Amino acid sequence: MDAVEAAGGASHKQLAGLNLAALLSDGQQIVVGAPNGGGGAAAPGSGAPAAGAPGAGVSLNAASLEELETLPGVGPVTAQAIIDWRTTNGAFTSVDELLEVDGIGPKTYDSLAPLVTL
């Protein structure tokens with residue numbers, strides 16, 4: 001929330017889908033008010049497109065713990081469960097496989113599916 005305020009603020013509608021409690025790293029880009037929530041973020045140099053760009057999203061197969069925590073409803077425990085799942089099972093081949101991760105049910109899946117990529 002401090003970053004949003006430092007950037008001049010935003011309306012409640014623009015903040016929908018944004019994890020305001022996520023820890024940010026220096027140089028990290030967060031797009032506020034992008035279509036479809038746009039709440040994902042890419043670390044600089046990660047090779048992922050900026051959030052809100054076509055094809056943007058947090059990569060289930062490459063995201064770090066910190067990047068996964070930028071997703072709504074994903075804290076350190078769930079982020080680690082995603083990493084543990086891909087370590088055990090190999091790369092995600094479908095976003096639907098999130099439903100196999102401990103702690104992710106249908107409601108959480110519905111909020112995450114539009115924000116993640118493979």
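Only this structure's heavy atoms are used, side chains among them; waters, hydrogens and symmetry mates stay out. Given the structure is predicted, the values throughout are model-derived calculations rather than measurements.
Summarising the geometry of Ser111 relative to Pro72, their closest heavy-atom pair is OG-O, 4.2 Å, with the distance given to 0.1 Å. What you find for Ala79 and Glu69 is that their closest heavy atoms are CB-CG, 3.9 Å. Between Ile83 and Ser64, the shortest heavy-atom contact is CD1-C, 4.2 Å.
At distances below 3.5 Å, not a single donor-acceptor pair connects side-chain atoms of Thr88 with backbone N or O atoms of Trp85. With hydrogens and angles ignored, the 3.5 Å screen pairs no side-chain donor or acceptor of Asn61 with any backbone N or O of Ala91.
Atom OG1 of Thr78 and atom CG of Asp84 lie 11.0 Å apart (nearest 0.5 Å). To the nearest 0.5 Å, atoms CD1 (Ile104) and CG (Leu99) are separated by 8.0 Å. Taken from CG in Asn89 to CD in Glu100, the straight-line distance is 6.5 Å, to the nearest 0.5 Å. For the atom pair CZ of Arg86 and OG of Ser59, the computed distance is 7.0 Å after rounding to the nearest 0.5 Å. Atom CD1 of Ile82 sits about 11.0 Å away from atom CG of Asp102, to the nearest 0.5 Å.
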Margin query: One pair to check against side-chain contact (heavy atoms from CB on, under 4.5 Å): Phe92 and Val101. What are the steps and the verdict?
Written below: CA-CA 11 Å; Phe92 284 87; Val101 175; 4.1 Å; yes
Next item on the list: Determine, stepwise, if the pair Leu118 / Thr93 fulfils side-chain contact (heavy atoms from CB on, under 4.5 Å).
Entry: CA-CA 7 Å; Leu118 302 176; Thr93 59; 5.6 Å; no
Check: Given Val58 and Leu68, is the side-chain contact (heavy atoms from CB on, under 4.5 Å) satisfied, shown in steps?
Finding: CA-CA 7 Å; Val58 174; Leu68 291 168; 4.0 Å; yes
Next item on the list: Please step through side-chain hydrogen bond (donor to acceptor under 3.5 Å, both in side chains) for the pair Glu66 and Thr70, ending with a clear verdict.
Entry: CA-CA 7 Å; Glu66 293 78 17; Thr70 66; over 6 Å; no
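Within the 4.5 Å cutoff, the side chain of Leu60 has no heavy atoms near those of the Thr117 side chain.
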